[in-house]
S.K.: 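My structure is below; once you've seen it, I'll send some questions.
No hydrogens, no waters, no symmetry mates; every other heavy atom, side chains included, goes into these values. Throughout, protein chains are lettered first and strands after them, A, B, ... in sequence-line order, and every chain is numbered starting at 1.
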Protein chains: 4
Amino acid sequence: MIIEVDFSGDIPIYSQVRDQIVIGIASGQLRPGDALPSVRRLAADIGINVHTVNKAYAILRDEGFIIMDRRSGAEIAAMKKEDGPFIEQLKGRLCPYVAEAMCRQMSLEEFQESVASIYHSLKM
Amino acid sequence: MIIEVDFSGDIPIYSQVRDQIVIGIASGQLRPGDALPSVRRLAADIGINVHTVNKAYAILRDEGFIIMDRRSGAEIAAMKKEDGPFIEQLKGRLCPYVAEAMCRQMSLEEFQESVASIYHSLKM
Amino acid sequence: MIIEVDFSGDIPIYSQVRDQIVIGIASGQLRPGDALPSVRRLAADIGINVHTVNKAYAILRDEGFIIMDRRSGAEIAAMKKEDGPFIEQLKGRLCPYVAEAMCRQMSLEEFQESVASIYHSLKM
Amino acid sequence: MIIEVDFSGDIPIYSQVRDQIVIGIASGQLRPGDALPSVRRLAADIGINVHTVNKAYAILRDEGFIIMDRRSGAEIAAMKKEDGPFIEQLKGRLCPYVAEAMCRQMSLEEFQESVASIYHSLKM
DNA sequence: GTGGTCTAGACCACA
DNA sequence: GTGGTCTAGACCACG
């Protein structure tokens, strides 16, 4: 799995790394039990600082996406269905995007179509 | 319309102000042609610096949400339906959220239900 | 001759009025000896403040484009060919535009073609 | 490359800084890939505030002249030839200057000679 | 080290 | 009255 980062954008690099690994899990490229590259290795591959990868891994661990072990490195975790608090939090983060789409005359159906398009492109 | 900001969160204040005004437009509390409070006034009301409001207004202007009239401050703009580039940009920003939801065993239907819930809560 | 101003742009209104009158003279719509509308009249026509028109007229007078008389109002002046200092001043103001065009890979010929296009559109 | 600003003139300092960097690019003193001084450094060199340089850099970034790299500051961007909208915008900004020159009895040839003079002085 | 954010307070241009 | 500009100084996020 290839991770690419945009150094000029306004999204922090550690956040881009985190996002791409989450996308990798969602798309099935990374499955529960799979080993992630070591922090040093990934940092060298992408061409970024070790600290940056470290931060991304720590966030993924705190969010429950990966399990870190001092000896064997990091591996993808098996995640449980988490309903309550996550959905509320998600709504809060999604709200500005939905609002902007409404301002730009996008219908609910069009928005959901975009979501479905993302969903299916990941599912493949 | 009341704007409240969270000083302790990690979202910049100017960004929160921008988001809340967009939400205000989407919900119909702010309609095209409505005047926005002056930067000084809004800054005083919220209890933040003038520059911070200024930055929020500048972003909203660049995004096409408001028009800065040299004579009388800012007012809500009438927005046209903008399809192509906006939708692609939106998908890019939405992708990590959809991916995370998939990792957490959320179905497409559940995700779209959340979107619909946000949509209808704004529409009211 | 119709004068229109853009209230939302970043060019001061008095400057837009000044520019449009200069353009009117260049294009021959306004000829030496022609009377300009009174300050009050023009302000009412455009829908702007009297002070604003006043400032535009004062600038045009200082630049030698018009002659103002307390009794008979303002009229277009006959201008002499002015070489030395004006051309140097013009170059200074044009320089950033030429530089930007060069950065954007525009050739000298293309730039001059644009100038000619403006020239002929005014001359008609 | 030396940047000097005129504190007494009516052109904003951030705009002067922006212009001089564009001129530097056009003249070849600054080439694509070259690193720009940090905002703090340039501010100290010129003797102005950090925010003022920041604004100049932000404008140059929005205009596509420079790229802000999260890791190492700003560098000159490689610009593509951009024809359509830029030329129209340029004509609009040039129009008042051409008009004024016509009023002052300057011929098209004389105007173009001035443009060529600027062009060649930068090209050297 | 870099840029980004925020504050406080000042002055000016504009209308 | 409005927004625009500039300053001085502080703190934080990022890498």
S.K.: Flag the pair C:Glu100 and D:Arg18 as a salt bridge only when some basic side-chain nitrogen lies within less than 4.0 angstrom of an acidic carboxylate oxygen.
M.R.: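 The answer is yes: the pair qualifies as a salt bridge.
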S.K.: Expected output check: what is the dot-bracket annotation of DNA chain E, where ( ) and [ ] are pairs inside the strand (brackets for crossing ones), | is paired with another strand, and pairs are Watson-Crick or G-U under 3.5 Å?
M.R.: ||||||||||||||.
S.K.: Checking side-chain contact (heavy atoms from CB on, under 4.5 Å) between D:Ile3 and each of D:Ile48, D:Val53, D:Asp19, D:Ile46, which is the one that passes?
M.R.: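 By the side-chain contact (heavy atoms from CB on, under 4.5 Å) criterion, D:Ile3 pairs with just one of D:Ile48, D:Val53, D:Asp19, D:Ile46: D:Ile46.
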S.K.: Specify the separation, in whole Å, of atom CZ of B:Arg41 and atom P of F:dG3.
M.R.: 12 Å
S.K.: Closer than 3.5 angstrom, by distance alone: can the side chain of C:Arg104 be matched with the main-chain N or O of D:Phe86 as a donor-acceptor pair?
M.R.: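 Checked: no pair found.
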S.K.: Look only at the side chain of B:Ser27 and the backbone of B:Ile23, and say whether a donor-acceptor pair between them is shorter than 3.5 Å.
M.R.: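 Side chain of B:Ser27 to backbone of B:Ile23: a pair is present.
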S.K.: If you compare every side-chain N and O of B:Ser38 against the phosphate oxygens of F:dT2 (OP1, OP2), does one of them come in below 4.0 Å?
M.R.: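 For B:Ser38, the contact criterion (side-chain N or O under 4.0 Å from OP1 or OP2 of F:dT2) is met.
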S.K.: Mark yes or no for whether D:Gln16, through its side chain, and D:Asp6, through its backbone, hold a donor-acceptor pair below 3.5 Å.
M.R.: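 Yes, D:Gln16 side chain to D:Asp6 backbone: donor-acceptor pair under 3.5 Å.
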S.K.: So do the side chains of D:Ile66 and D:Tyr57 get within less than 4.5 Å of each other, counting heavy atoms only?
M.R.: yes
S.K.: Do B:Leu90 and A:Tyr97 have side chains that approach each other closer than 4.5 Å (heavy atoms only, starting at C-beta)?
M.R.: yes
S.K.: Are D:Asn54 and E:dG3 close enough that a side-chain N or O sits under 4.0 Å from OP1 or OP2?
M.R.: no
S.K.: Quick one: what's the B/S/- string for nucleotides 6-15 of chain E, heavy-atom cutoff under 4.0 Å, read 5' to 3'?
M.R.: BBBB----SS
S.K.: Tell me the interatomic distance from A:Asp10, atom CG, to F:dA13, atom P, rounded to whole angstroms.
M.R.: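 In whole Å, F:dA13 P lies 17 Å from A:Asp10 CG.
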S.K.: Check this for me: D:Arg93, atom CZ, are more than 12 non-hydrogen atoms of other residues, nucleotides or ligands nearer than 6.0 Å?
M.R.: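 Yes - once you tally the heavy atoms of other residues, nucleotides and ligands closer than 6.0 Å, there are more than 12.
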S.K.: Provide, to the nearest angstrom, the distance between the CG atom belonging to D:Leu60 and the C1' atom belonging to E:dG3.
M.R.: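 Atom CG in D:Leu60 sits about 15 Å away from atom C1' in E:dG3.
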S.K.: Between atom CZ in A:Arg18 and atom P in F:dC14, what is the gap in whole Å?
M.R.: 14 Å
